[in-house]
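In what follows, a structure is listed as structure tokens, so that the remarks can point back to it.
Just the heavy atoms: all of them, side chains too, but no hydrogens, waters or symmetry mates, feed the values below.
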Amino acid sequence: MKIDQAHPVGVTSVSWAPSMAPGALVGSGQLDPVQKLVSGGCDNTVKVWKLYNGGWRMDCFPALQMHSDWVRDVAWAPNLGLPKSTIASASQDGTVVIWTVAKEGDQWEGKVLHDFKAPVWRVSWSLTGNILAVADGNNNVTLWKEAVDGEWQQVTTVEP
């Protein structure tokens, strides 16, 4: 399958959503597998896509826009039955944005994790989805965790 003109200038990254809907393991949520993915592009946007009737359609309107330069990477966090979906996006503009949505149909909300003052190349979630690894243009890999108050804190820097 192909998503035509997903990002008009080019697509830089893509990540699958977890296969279970948020909250499906802890409530009476939808048990059908979720078929969604997120993409980042050279148009500075993040887009969520869902498979409808055999074709991929955008599932967020408008596209998620908080970056001022190319989105270099996107990563959809494992949700392990948590009641929300979370995506991290990394950009040439030096920021990482954490996107969350509480439930299907709600608007995604973005929060800047940190301004790294250098391009951010990659983001990757731990298997449990609670720690985010960030690789930036200063040759650093840092680990981040969300605190109880919702603020993101750097846990450590990975030493070479």
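Using a 3.5 Å distance cut-off with no hydrogens or angles, the side chains of N140 and T142 do not pair a donor with an acceptor. Using modelled atom types, one finds no donor on one side chain facing an acceptor on the other under 3.5 Å when comparing H67 with N44. S39 and W49 share a donor-acceptor pair across their side chains, judged by distance under 3.5 Å alone.
The residues K111 and E151 are annotated as salt-bridged, a charged nitrogen and a carboxylate oxygen being separated by less than 4.0 angstrom. Between K84 and E146 a salt bridge is recorded (basic side-chain N to carboxylate O distance below 4.0 Å). Under the 4.0 Å criterion applied to side-chain N and carboxylate O atoms, K117 and D115 are assigned as salt-bridge partners.
Judged by distance alone, with hydrogens and angles left aside, the side-chain atoms of D93 form a donor-acceptor pair with the main-chain N or O of S68 at under 3.5 Å. Put simply, the side chain of S85 never gets that close to the backbone of V101: no donor and acceptor are under 3.5 Å apart. K47 contributes a side-chain N or O that, together with a main-chain N or O of A6, makes up a donor-acceptor pair within less than 3.5 Å. The backbone N or O of V123 lies less than 3.5 Å from a partner atom in the side chain of D73, making a donor-acceptor pair. Between the S15 side chain and the A75 main chain, no donor and acceptor come within less than 3.5 Å of each other. A donor-acceptor pair under 3.5 Å is formed between the side chain of S91 and the backbone N or O of D69.
Closest approach of C60 to V46, counting heavy atoms only: SG-O, 4.4 Å. In terms of heavy-atom proximity, Q92 sits nearest to P119 at NE2-CG, 3.5 Å. When all heavy atoms of V74 and V38 are compared, the pair lying nearest together is CG2-O, 3.7 Å. Considering every non-hydrogen atom in both R72 and V120, the closest pair reads CB-O, 3.4 Å. P78 approaches P18 most closely through the heavy-atom pair CA-CG, 4.0 Å.
Put simply, W152 and V134 are part of the same group of oily side chains (I, L, V, M, F, W, Y) that touch within less than 4.5 Å, one to the next. W56 and V14 end up in the same hydrophobic cluster when Ile, Leu, Val, Met, Phe, Trp and Tyr side chains are linked at under 4.5 Å. Criterion: ILVMFWY side-chain heavy atoms under 4.5 Å apart, direct or through other members. Under it, M58 and L64 are not part of a common hydrophobic cluster. Tracing side-chain contacts under 4.5 Å through hydrophobic residues (I, L, V, M, F, W, Y), one reaches W16 starting from M1; they form part of the same cluster.
Between V48 and I87 there is a side-chain heavy-atom pair separated by less than 4.5 Å. Taking the side chain as every heavy atom from C-beta outward, F116 and V96 approach each other to under 4.5 Å. Taking 4.5 Å as the limit, every side-chain heavy atom of T157 sits out of range of all side-chain heavy atoms of V141.
Around CG of N53, the count of heavy atoms belonging to other residues, nucleotides or ligands within 6.0 Å does not exceed 12. By the 6.0 Å contact criterion, CD on E109 is open, its count of non-hydrogen atoms from other residues, nucleotides or ligands being 12 or less.
The six-membered or imidazole ring of W108 lies near that of W76, with a centre-to-centre distance under 6.0 Å.
Between H114 and W144, the ring planes lie tilted relative to each other; the angle falls in the 30° to 60° range.
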Pair V97-L113, side-chain contact (heavy atoms from CB on, under 4.5 Å): steps then yes or no: CA-CA 5 Å; V97 174; L113 169 86; over 6 Å; no

side-chain contact (heavy atoms from CB on, under 4.5 Å) between K36 and L51, intermediate numbers included: CA-CA 6 Å; K36 287 188 177 186; L51 189 61; over 6 Å; no

side-chain contact (heavy atoms from CB on, under 4.5 Å) between E104 and D59, intermediate numbers included: CA-CA 10 Å; E104 186 79 19; D59 196 47; 3.8 Å; yes

Intermediate values then yes/no, side-chain hydrogen bond (donor to acceptor under 3.5 Å, both in side chains), W99 and S89: CA-CA 8 Å; W99 304 93; S89 59; 2.9 Å; yes

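Distance check: N130 CG to W125 CH2 gives 8.5 Å after rounding to the nearest 0.5 Å.
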